[in-house]
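Values below: every heavy atom of this structure, side chains too, minus hydrogens, waters and symmetry copies.
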Amino acid sequence: MQRQYLLPTLNDHEYMVLPESIGLYWDEPQHQVDRKVGTLNNFSIHFVVSGSGFVEMDGKQYSLKRGDAFLYFPMQEQRYYSSQNDPWNIRWVHFYGSVLQPFLSDKGFHRHSLWNVQHLQPLEEAHEQLLLEAEKNSFLHLSRLSTLTYTFLIEFITNVVPRTSDRKQELDDRIQSLLPLMQSKACEPFELDYWAEQAGVSTYYFCRLFKRATQMTPMAFITLCRLQMSKQWLLDNKEMTIKEIALKAGYPSISYFNKRFLQHEGMTPTDYRQLYPFKTQK
């Protein structure tokens, strides 16, 4: 069984943290999720209230029970599933906001994915209040929705300890702080030597650290950033041609831009633009 609520993604609210979806699964022995790298561009927290299940990370399987939780950063690979013999009651929130990456990274939450909730009841109550607000008012009262999302997040980060500490400490320390800058410069020519120098490591070690920290290569991250920005330009700048947008996104070859766009979005830039005939409002 499941109870969930889905909300639209609202990118114009810079200082708000908002849920993209929220819900719970229980008595679902077949519940499983297998998302490839780059599938979801939001954060997510899952915590187990009863029963048991499993999460796979870095090629290892971890068993989860009451009080265990896991946190995903955007674009990470996600693989988790319920025990068939002892189905879990698992609660979750997918959420987003421009302040989250530096906020969570500064507090060290990029270093671990598996956590143990010390006091489960306050987190359950915060989750239930957020879910009730979404079910009752959807996104009609954004300030309250954002406040309740913050409340849930604060209950989580002040009430958990790492469940495992065997992942190397340097996984994200040198990478996470570079991600916002890499994103802002994604449309410039990509120079691996430059970014390795910023991290203070060799190009080989930079690629290794980056892959272990984000589950993708540096170039794959740059590609996702470029395509995300190009999608916005396609909608906001109707006067720009596809070629102009390709160049602005860092692709001198329009055919290569079309190829990469088609691979990731399942359609050409022209087809994507035609889905939204009116200019988006900011």
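Here the straight-line distance linking atom CD1 of Ile245 with atom CZ of Phe261 works out to 9.0 Å at 0.5 Å rounding. The distance from atom CG of Asn89 to atom OG of Ser82, rounded to the nearest 0.5 Å, is 10.0 Å. The distance from atom CE of Met182 to atom SG of Cys225, rounded to the nearest 0.5 Å, is 7.5 Å. The line from CG of Leu234 to CE of Met229 is 12.5 Å long, rounded to the nearest 0.5 Å. With values rounded to the nearest 0.5 angstrom, Gln129 atom CD is found 8.0 Å from Leu132 atom CG. We find the CG-OG distance between Asp68 and Ser52 to be 10.0 Å, quoted to the nearest 0.5 Å.
Glu28 places no side-chain N or O within 3.5 Å of a backbone atom of Tyr25 that could act as its donor or acceptor partner. In this structure, Arg35 contributes its side chain and Glu77 its backbone to no donor-acceptor pair below 3.5 Å. No donor-acceptor pair under 3.5 Å is formed between the side chain of Ser138 and the backbone N or O of Ala134. Between the side chain of Ser146 and the backbone N or O of Leu142, no donor-acceptor pair lies under 3.5 Å. Not one N or O on the side chain of Asp27 forms a donor-acceptor pair closer than 3.5 Å with the backbone of Met1.
Proximity of the aromatic rings of Tyr204 and Phe206 is defined here by a centroid distance below 6.0 angstrom, and this criterion is not met. When ring centroids are compared, Phe43 and Phe73 come within the 6.0 Å threshold. Ring centroid separation for the pair Phe47 and His127 comes in under the 6.0 Å cut-off. In this structure, Phe221 has its ring center closer than 6.0 angstrom to the ring center of Phe210.
Among residues at least two apart or in separate chains, salt bridge (charged side-chain N to carboxylate O under 4.0 Å, His left out) pairs with a member in residues 127-145 are Arg3-Glu128, Arg3-Glu135, Glu133-Arg144.
Within the 4.5 Å cutoff, the side chain of Cys187 has no heavy atoms near those of the Tyr251 side chain. For the pair Leu130 and Thr151, the minimum side-chain heavy-atom distance is 4.5 Å or more. Taking 4.5 Å as the limit, some side-chain heavy atom of Leu224 sits within range of a side-chain heavy atom of Met216.
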Q: Please lay out, stage by stage, how Gln228 and Gln232 fare under the test side-chain hydrogen bond (donor to acceptor under 3.5 Å, both in side chains).
A: CA-CA 7 Å; Gln228 184 177 20; Gln232 197 65 50; over 6 Å; no
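Using cut-offs of 30° and 60° on the angle between ring planes, the pair Trp88 and Tyr80 is tilted. Note: Phe156 and Trp115 have perpendicular aromatic rings, judged against thresholds of 30 and 60 degrees for the angle between ring planes.
Exactly one residue among His31, Gln32, Glu56 makes a side chain to side chain donor-acceptor pair (under 3.5 Å) with Tyr81. That residue is Glu56.
In this structure, Gln263 places its CD atom where more than 12 heavy-atom neighbours from other residues, nucleotides or ligands lie under 6.0 Å away.
Scored by the salt bridge (Lys or Arg N to Asp or Glu O under 4.0 Å) test, Lys211 finds no partners at all (sequence neighbours excluded).
When the side chains of ILVMFWY residues are joined at heavy-atom separations under 4.5 Å, either directly or via intervening members, Val17 and Leu104 end up in a single hydrophobic cluster.
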